Amino acid sequence: RTYKKMSELPPHQHKMPERDPHERAANFKEVNLGYSIDDAYQEAERCIQCHKPTCISGCPVAIDIPRFIRHLLVRDTTAALETIYESSIFPSICGRVCPQESQCEAQCVIGRKMEPVAIGRLERFIGDNARPPKAVPPAFAGKLGKVAIVGSGPGGLGAAADLVRFGADVTVYEALHVVGGVLRYGIPSFRLPRDIIEREVQRLKDIGVKFETNKVVGKTFTVGQLTGEKGFDAVFVAAGAGAPSFLGIPGEFAGRVYSANEFLTRVNLMGGDKFPYLDTPISLGKSVVVIGAGNTAMDCLRVAKRLGAPTVRCVYRRSEAEAPARIEELRHAKEEGIEFYFLHAPVEINVDAEGEVRGMKVQKMELGEPDERGRRRPVPLDEFVDLECDTVIYALGTNANPIIGQSTPGLSLNKWGYIVADEQTQATNLPGVFAGGDIVTGGATVILAMGAGRRAAKAIGAYLQGGKQTWPITIDDA
Ligand code: SF4
């Protein structure tokens with residue numbers, strides 16, 4: 001190894017190569033370009049291979065991080081990928097979109113003295129560059145029973161991958177016309193290229209997972225019909241949480257006022273990412289305001305910029321320090337020319353006689369005492385600003401879509417409409433019905449949804465075997 005002592009380690013993470021801000025703000029090409037083998041090797045050398053590696057406890061699916069880095073250090077990327085696959089089946093996706101700085105990297109030992117090991121970048125490198133094992137359907141395919149999965153986002157895909165390997169006959173139902181759920185409609189291609197999602201979906205098809213698009217469970221047919229006349233032995237509901245949140249201020253139902261979900265879905269699924277070669281069907285003005293400062297807000301801001309809006313502003317009622325977006329996303333947005341109005345809260349959207357947006361009145365705020373989550377509360381001041389704008393996008397988080405709850409009699413929901421499921425098994429109160437991901441937890445991360453899908457797969461496998469065996473599910477038993 002190059003470094004013998006901690007004091008010799010480079011204090012900073014090896015830099016991620018990125019596209020130039022001026023170039024990238026005009027197209028939808030991926031911004032982060034990924035490590036080369038030499039970049040990855042140099043960063044891997046910063047890991048001191050702790051005897052008690054705290055990074056693992058920071059990973060929601062407990063990837064054996066030091067072990068995969070050890071394989072990388074001897075340039076055995078296949079073994080590194082196999083190590084990651086034990087816990088996470090989508091390293092190329094999670095390595096791009098997980099908030100590693102608040103998960104594994106936040107727990108990395110060297111992070112107490114310097115920048116932590118860039119675990120997410122190394123995970124992405126392995127996912128992108130290691131040769132995966134050949135995807136072949138298991139010889140005992142279908143013997144475990146029939147399972148329907150509702151939703152093809154990370155929770156549904158995670159469950160599908162494991163259930164097929166256990167021997168289940170798996171069909172994934174997707175409401176939209178393409179597979180991928182929030183990975184596809186919610187995350188722009190400059191953060192998660194489409195070919196990465198398509199590659200993972202193809203691997204699932206290769207091992208026998210069936211996909212049916214344009215099937216809205218709750219409308220096309222119900223969960224009860226899946227377990228009834230359609231003959232499924234179990235159902236896993238991973239439908240996400242896609243209902244938008246609004247503020248209830250005057251003017252918010254005018255033309256060119258969108259929810260982030262609608263805006264991103266229409267752009268990501270209807271040609272926006274091919275701009276300027278295909279026209280996006282969304283009507284966007286010259287001056288856009290996005291309300292909120294999470295990752296979804298950053299996506300909306302940066303998409304609006306790429307669609308050609310000259311002025312794009314973010315309005316957020318707290319300060320930058322409280323913004324929920326990843327630091328990298330904030331930095332990228334600033335570099336691309338987004339203007340930020342921190343400590344400003346929308347009060348009214350100004351609408352003209354034709355019903356078009358003409359501006360937004362915002363109120364200045366200051367920070368008060370911390371709230372129950374420890375974030376300092378915004379306190380209104382008696383000062384107002386009029387922002388000129390013709391388009392407004394709400395990126396304030398999402399709510400449970402009521403369609404599954406309303407169409408599934410007896411399914412237990414909490415007071416916010418999310419499905420109640422066991423934390424370990426993801427089982428709901430209805431026999432054979434399991435649920436996980438955002439439809440249970442509310443909006444969370446890709447890795448948490450995938451982890452829930454894999455827990456559900458394990459529990460469904462046990463359920464399909466009459467509850468006799470929990471884990472592992474062997475070929476003979478299946
Ligand atoms: Fe390596 Fe950090 Fe994990 Fe220690 S905590 S094993 S330095 S990644």
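First listed ligand is number 1; within each ligand, the first listed atom is number 1. Positions are given from 1, in the same order as the sequence printed here. As the structure is a computational prediction, the values presented were derived from the model and not from experiment.
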* Classify the angle between the aromatic ring planes of Tyr35 and His14 as parallel (below 30°), tilted (30 to 60°) or perpendicular (above 60°). => perpendicular
* Name all residues meeting the salt bridge (Lys or Arg N to Asp or Glu O under 4.0 Å) criterion together with Arg67; count only those two or more places apart in sequence or in a different chain, and write none if there are none. => Asp64, Glu86
* Asked: Asp299 pairs by salt bridge (Lys or Arg N to Asp or Glu O under 4.0 Å) with which of Arg306, Arg326, Arg191?
  -> Arg191
* **side-chain hydrogen bond (donor to acceptor under 3.5 Å, both in side chains) partners for His344, two or more places apart** =>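 Residues passing side-chain hydrogen bond (donor to acceptor under 3.5 Å, both in side chains) with His344: none at all.
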Show me the donor-acceptor pairs within less than 3.5 Å that the side chains of residues 232-242 make with the rest of the protein, sequence neighbours left out.
| residue | atom | partner | partner atom | Å |
| --- | --- | --- | --- | --- |
| Asp233 | OD2 | Lys146 | N | 2.6 |

* Does any N or O in the side chain of Arg19 come within less than 3.5 Å of the main-chain N or O of Leu33, such that one atom is a donor and the other an acceptor? -> no
* To do: Can you list, by chain and residue number, the protein N, O or S atoms under 2.8 Å from atom 2 (Fe) of ligand 1?
  => Cys108 SG
